[in-house]
Amino acid sequence: MASKLYYAVAPLVLVLLLLAPLSSARLAAAAAADDDDGQWPAGGGRGRKVGGRTDVEDVEGNREVQELGLFCVVEHNRRGGSATRGRGLVFSRVVAAQTQVVSGIKYYLRIAAQEADDELVFDAVVVVKAWVPSREMVSFVPAAELPGY
């Protein structure tokens with residue numbers, strides 16, 4: 001019985017051992033090609049980190065990001081999170097965004113919204129799972145006074 005198992009498993013192990021160097025070479029080539037801006041990320045290391053945040057380019061022109069910002073403001077109002085009674089917050093625009101690959105895509109958004117005559121800025125986190133399809137607002141808080149995002 002053990003010899004039959006050996007003859008069944010041995011070819012699979014051999015194939016895996018032969019393919020492993022090819023896949024690692026392909027990953028190294030992809031990582032080198034992905035280093036487009038040549039800048040060092042905040043966490044050290046070269047290129048993008050697996051699971052790290054990536055800035056979204058042209059935020060104000062990115063329709064998906066702007067729709068997610070609107071979703072966050074509507075969801076915030078639905079949950080009763082606005083300080084003023086009645087109308088609540090009115091979405092203006094997403095001014096900055098980052099993405100992070102998790103189980104789906106996590107969006108870190110900095111959102112400008114109107115409340116009465118004031119424009120306020122909020123930080124929101126939304127997780128989008130395209131295969132479900134679903135989107136869930138994880139947090140929506142006033143933006144910190146720190147510069148940048």
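Note that these values count all heavy atoms, side chains included, but never hydrogens, waters or copies made by symmetry.
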Shortest non-hydrogen separation from Phe71 to Met137 and the atoms involved: CE2-N, 4.0 Å
Between Ala143 and Asp123, what is the shortest heavy-atom contact and its length?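 Minimum heavy-atom contact is CA-OD2, 3.6 Å.
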Glu64/Arg135 ion pair, N-O < 4.0 Å: no
Taking Val65 as the starting point, is it possible to reach Val74 by hopping between hydrophobic residues whose side chains are less than 4.5 Å apart?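 Same cluster: Val74 reaches Val65 through Ile, Leu, Val, Met, Phe, Trp or Tyr contacts under 4.5 Å.
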Single-linkage hydrophobic cluster, 4.5 Å side-chain cutoff, Leu70 and Val128 together: yes
Spacing of [atom1] belonging to [X] relative to [atom2] belonging to [Y], to within rounding of 0.5 Å:
| X | Y | atom1 | atom2 | answer |
| --- | --- | --- | --- | --- |
| Cys72 | Leu109 | SG | CG | 5.5 Å |
| Leu68 | Thr99 | CG | OG1 | 11.0 Å |
| Leu120 | Ile111 | CG | CD1 | 12.0 Å |
| Lys106 | Lys129 | NZ | NZ | 10.5 Å |
| Leu89 | Gln114 | CG | CD | 9.5 Å |

Around Arg63, counting heavy atoms of other residues, nucleotides and ligands shown, do more than 12 lie under 6.0 Å from its CZ? no
Side chain to side chain contact (heavy atoms under 4.5 Å, CB included) for Val138 and Val127? Distances and angles first, verdict last. CA-CA 7 Å; Val138 177; Val127 176; 3.8 Å; yes
State which residues pass salt bridge (Lys or Arg N to Asp or Glu O under 4.0 Å) with Glu136; sequence neighbours excluded, sorted by chain then number.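 Residues passing salt bridge (Lys or Arg N to Asp or Glu O under 4.0 Å) with Glu136: none at all.
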Heavy atoms, side chains only, cut-off 4.5 Å: are Val59 and Gln66 in contact?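 Yes. Closest side-chain heavy atoms under 4.5 Å.
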Could you work out, with ring pair (Phe, Tyr, Trp, His ring centres under 6.0 Å) as the rule, every residue matching Phe140, not counting sequence neighbours? His76, Phe122
Got a sec, which hydrophobics cluster with Val95, joining ILVMFWY side chains under 4.5 Å apart, including via others?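 Other cluster members: none.
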